[in-house]
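Please read all numbers here as calculations on a predicted model, not as lab measurements. Whatever order the structure lists ligands and atoms in, that order sets their numbers, starting from 1. We number each residue from 1, following the sequence as shown.
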Amino acid sequence: MLKRILSLLLFVSLSLPFAAKADEGMWLPMLIKRLNHTDMQKQGLQLTAEEIYSVNNSSLKDAIVQFGGFCTGEFISSEGLLLTNHHCGYSSIQSHSTTEHDYLTDGFWAMAKEKELPNPELFVDILVRMDDVTGQVLEGISNTTSEQERAQKTAQRMQAIAREASNNGQYVSYVRDFFNGNEFYLFVYERFSDVRLVGAPPSSIGKFGGDTDNWMWPRHTGDFSLFRVYMSPDGKPADYSPNNVPYKPKHHLPVSISGKEQSDFAMVFGFPGRTKRFMTSHGLKLEVNQLNKSRIKLREKKLGLWKEEMDKDPATRIKYASKYASTANYYKYSIGQNEGIERMKTMEGKIADEAKFQTWVTADAQRKAQYGDVLNQIGNANNQIEKYNLGTVYLNEAVLGTEVLLLAYRMTPLYNVLKLSNAEAAKKAAEDLESTVESHFKNYYAPADKKVFAALMKYYSEDIPKEQQPDAFKSMVKKYNGNFEKLADYVFNNSFLVSEEKTEAFLQNPALKKLENDPAFQIVNSIIDNYRSNIAPSLAEANAKLAQANRLYVAALRQMNPDKVYYPDANSTMRLSYGTVQGYSPQDGVRYNYYTTLEGIMDKADSTNEEFIVPDKLQQLYRTKNYGRYANEKGELVVNFITNNDITGGNSGSPVINGRGELIGVAFDGNWEAMTGDLVYDPDYKRCINMDSRYLLFIIDKFAGATNLINEMTIVDNGNPDAGDAASAAIPNVTSDLLEAAIEEAKAELKEGESKVKVKKKEGKKSVKLEIRN
Ligand code: ARG
């Protein structure tokens, strides 16, 4: 097998294995130097803290972006090529798909920049800087400041600081609170909105294993897609324009093709969305019994009904693909989390921790005065929330989880202006809705939604306490004798919001009466109105009490454990997690290896099951073992691997980076045994599931033949620029034909049993010299 092209020095690094130290924590990059750097070095990091995060010089952080506000992406070329997950790019891939060009099924590869596809709804945020602004936000606020005054002042100051930092709209900036309102940080970003789709594998690679394998290890998914960020010719963020040029990142990640081993250092840089690690047993109760249980019940129904329609018609399948996947993702998450909470005795653990806390508080008179009642207050606030919580969950999952009602809800700003009978403002409000309406109907199939409507409204009517339901809704239900199919007939026969044509006609000429008389709007409006007047005030009061008590609880915990370095809960801000490549033991007597291979894809292959189809081309590459330089030292093609990095949703697409700052993988999931991970980090089970960088390159190169993309990356092996890359970098004039010819000649000359061969080729002034080793 041809393994290395050109003279390549192989460094065998002899490092002693470190004790498997599990690595909890999503750290703020600006604090790495102070809090983590020494520890990271012990585990194998070779970079300085400044090489990771620096405001003035280019550093790793410059290669990481927040993708679309919901995922992470990273630059892997100097020409703005951006890597993220397939499931992060999914809705963009879907938006370009039709039954004629089904990029979801077949994949998409732009073989030249002109072929890349713009995505008007997508943007990426690139961090300019972050600052600790706690002092400014809390200035003059003390323990004796009233809660109301504190809330008002902090909110005002957070806004003012962000506004100032935005420099008149040049930057996107905000202040977020950390440690439950104990600390505050400012984030300043540049937002780029010309982000084009460059490449995506077919779903049979990018989503291999589907919902069956989702949240599971062992895994075999090529969960990646490629985009490119563009800027104006003068280097500024700009909306899509054919005149825009590729963004030049201050840093891009070299892509490593070296092998990895158990206990190798690994860090993950990205934008984790939300964790609730400081949640008490009281909050957990609501999470299990109300949020998760309802979500499971409502989503299961909706998914089943959607699936029926998707299976009937390919056009519906494409329309609902993205909605289905994202609904299914947190449906399964909720199932796994509730199972995990039972199995891991999470509730019992929280209760025990709280008892310890209470003992510590009570042991000292001053502490007792300050924190003695905190847990009690948290309990009381949660009891109050519990009464109304289902209303909130059903509002999100059932009411706004029904497409026609969601669209009706989106008419609210227009409704508010129409009530003022200001024609000018109404026209503007109607115009503002155009794109929402367009994208809504692009992926809408009314007969599917009608079934969902009937089912979910039935649940709403049955499960929400009657006194929390609006009268208008109750009388509608009564009118149809509790027959929700009949109610659905009525709504879908009479609402203009189920038809694109009628909705657009309404926007052309919006009239208050027409909206008020629309049955879908009536339902949503009555539910929201009722929620605002009868439910929200009690909830707001309880939430304010809870926020106050949580703030004190976290402050007290940090006081209780002065030697522990705490990290804040995830809140969609940039974080770094570090740890090592690690397998795990899911149950007694079973050990999971830290990586999977193409072999395992073939084992799972099932042409009769949509989730486990293996594309012919991939099978062919498998049969011929055509893995090139992407094979490991055993000749296997590694597909996925796991690390003990601490990540959560929002980290999807995050780079996994080795001790030298090279990309070794892309994070895309968590594992079933650690579905409680957002509530408690368990070092024995918590793993981060990643796609191997070699599988990434293999798919782009061997499967898709998109060598244009391979050529713009910086590919490294054990820290050294690799063959092809070094050749084109060192001899920029060399034509690839010449190089190809040299490779072919060398291959032909390399006889069985020979270890290496050297070839020189010349054509005019251009020359290639290469060495191939067996
Ligand atoms: N569980 C993954 C995450 O939350 C998403 C995986 C998407 N794939 C799927 N089969 N639904 O990041």
Side-chain angles (χ1 to χ4, degrees), residues 26 66-74 83-94 104-105 200-225 268-275 292 295-296 299-300 302-304 306-307 310 317-318 320-337 339-340 570 572 575 577 601 604 606 609-613 639-640 642-643 645-656 665-679 686-691:
M26 301 172 178
Q66 187 167 33
F67 182 87
F70 52 87
C71 273
T72 302
E74 54 276 0
L83 171 64
T84 186
N85 287 151
H86 186 258
H87 77 262
C88 295
Y90 201 69
S91 65
S92 301
I93 304 164
Q94 186 239 323
L104 285 177
T105 305
S203 293
S204 51
I205 288 174
K207 206 186 167 190
F208 183 76
D211 291 324
T212 303
D213 274 7
N214 190 17
W215 299 111
M216 302 273 192
W217 180 259
R219 193 64 159 279
H220 298 86
T221 313
D223 197 343
F224 80 97
S225 58
V268 172
F269 225 135
F271 291 85
R274 193 154 142 77
T275 53
N292 285 341
R295 199 191 255 161
I296 294 166
R299 291 194 179 195
E300 192 158 284
K302 176 155 83 174
L303 288 167
W306 276 352
K307 185 84 174 38
M310 290 165 78
R317 177 181 55 74
I318 293 177
Y320 279 78
S322 182
K323 287 185 259 205
Y324 187 95
S326 61
T327 304
N329 190 32
Y330 273 78
Y331 158 71
K332 193 170 176 184
Y333 169 97
S334 287
I335 295 175
Q337 190 173 72
E339 278 184 25
S572 289
R575 304 295 177 89
S577 146
I601 292 188
K604 284 181 177 175
D606 177 355
N609 181 347
E610 190 212 350
E611 294 184 324
F612 293 97
I613 293 170
V639 172
N640 292 159
I642 45 178
T643 52
N645 292 114
D646 191 2
I647 69 157
T648 187
N651 265 121
S652 283
S654 293
V656 190
V666 191
F668 70 92
D669 210 359
N671 57 324
W672 195 248
E673 295 78 8
M675 296 300 282
T676 52
D678 288 345
L679 308 165
K686 177 90 171 146
R687 293 295 179 271
C688 169
I689 304 179
N690 314 301
M691 183 185 60

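- No more than 12 heavy atoms of other residues, nucleotides or ligands sit less than 6.0 Å from atom NZ of Lys307.
- Between Phe67 and Asn85, every side-chain heavy-atom pair lies at or beyond the 4.5 Å cut-off.
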>> Please determine whether side chain to side chain donor-acceptor pair (under 3.5 Å) holds for the pair Gln337 and Tyr333, giving the CA-CA distance in whole Å, both sets of side-chain angles, and the decisive distance to 0.1 Å.
In response: CA-CA 6 Å; Gln337 190 173 72; Tyr333 169 97; 3.2 Å; yes
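- Nearest to atom 4 (O) of ligand 1 among the protein's heavy atoms is Asn329 ND2, 2.9 Å.
- Ligand 1 has no N or O atom lying under 3.5 Å from any N or O atom of Asp223, backbone or side chain.
- You'll find the side chain of Met216 reaches within 4.5 Å of the side chain of Lys332, heavy atoms only.
- Inspection of the Thr643 and Asn645 side chains reveals an N or O donor paired with an N or O acceptor under 3.5 Å.
- At least one N or O atom of Asp669 sits closer than 3.5 Å to an N or O atom of ligand 1.
- Ligand 1 has at least one atom lying under 4.0 Å from a heavy atom of Ser652.
- Taking every non-hydrogen atom of Asp211 and a distance limit under 4.0 Å, the qualifying atoms of ligand 1 come out as 9 (C), 10 (N), 11 (N).
- With a 4.0 Å heavy-atom cut-off, ligand 1 is reached by the backbone of Phe668 but not by any atom from C-beta on.
- Checked by atom type and distance alone, the side chain of Asn640 never pairs as donor or acceptor with a backbone atom of Ile689 at under 3.5 Å.
- The closest approach between Ala328 and ligand 1 stays at or above 4.0 Å for every heavy atom of the residue.
- The shortest N/O to N/O separation between Asn214 and ligand 1 falls below 3.5 Å.
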